[in-house]
Amino acid sequence: MKDHYDFSKGERGKFSAPDAAFRLPVYLDEQVECYLAAKAEAKGVDLSDLVNELLKHEIEIIEAVK
């Protein structure tokens with residue numbers, strides 16, 4: 001690594017996209033992932049779509065109980 005870098009010709013935010021969506025990784029337990037992957041395959045949907053569907057349903061239940 002150099003002691004000094006010249007950023008005098010740099011352009012701030014050149015590669016930044018203000019509308020960029022950040023996808024945070026979610027790590028499932030192996031058993032949970034295998035179970036849900038099998039259910040997703042049986043339904044013919046993507047695993048992430050199934051997980052989102054389940055979580056949205058849980059949020060509806062939580063909100064209904066409030």
Side-chain angles (χ1 to χ4, degrees):
M1 198 164 154
K2 295 181 182 179
D3 290 335
H4 177 31
Y5 291 89
D6 181 14
F7 293 105
S8 63
K9 296 178 185 172
E11 185 179 330
R12 183 178 294 272
K14 182 175 182 176
F15 300 103
S16 175
D19 59 342
F22 294 99
R23 305 277 180 178
L24 299 176
V26 175
Y27 302 100
L28 302 174
D29 287 340
E30 186 177 351
Q31 291 175 327
V32 173
E33 183 178 355
C34 289
Y35 178 82
L36 292 176
K39 294 296 180 187
E41 186 176 337
K43 287 181 77 172
V45 298
D46 190 56
L47 176 60
S48 62
D49 292 336
L50 179 67
V51 171
N52 277 312
E53 181 183 320
L54 291 170
L55 290 174
K56 285 176 184 177
H57 183 68
E58 286 295 315
I59 290 169
E60 288 176 7
I61 293 171
I62 292 167
E63 292 299 317
V65 173
K66 282 186 176 180

**Message:** Is the shortest side-chain heavy-atom distance between V26 and V51 below 4.5 Å?
**Reply:** no
Closest heavy-atom pair, L36 versus L50, reported as atoms and distance to 0.1 Å, is O-CD2, 3.4 Å
The side-chain contact (heavy atoms from CB on, under 4.5 Å) partner of H57 among I61, L54, L55 is I61
Exercise. Going hydrophobic residue to hydrophobic residue with side-chain gaps under 4.5 angstrom, can you get from F7 over to M1?
Worked result: yes
In short, salt bridge (charged side-chain N to carboxylate O under 4.0 Å, His left out) pairs touching residues 57-66 with sequence neighbours left out are E63-K66
Exercise. For the side chain of D6 and the backbone of S8, is there at least one donor-acceptor N/O pair under 3.5 Å apart?
Worked result: yes
Other residues, nucleotides, ligands: >12 heavy atoms within 6.0 Å of Y5 OH:
yes
List the atom pairs, donor and acceptor, that lie under 3.5 Å between side-chain atoms in residues 37-47 and the rest of the protein, sequence neighbours left out.
residue : atom : partner : partner atom : Å
K43     : NZ   : E53     : OE2          : 3.2
D46     : OD2  : S48     : N            : 3.4
D46     : OD2  : S48     : OG           : 2.6

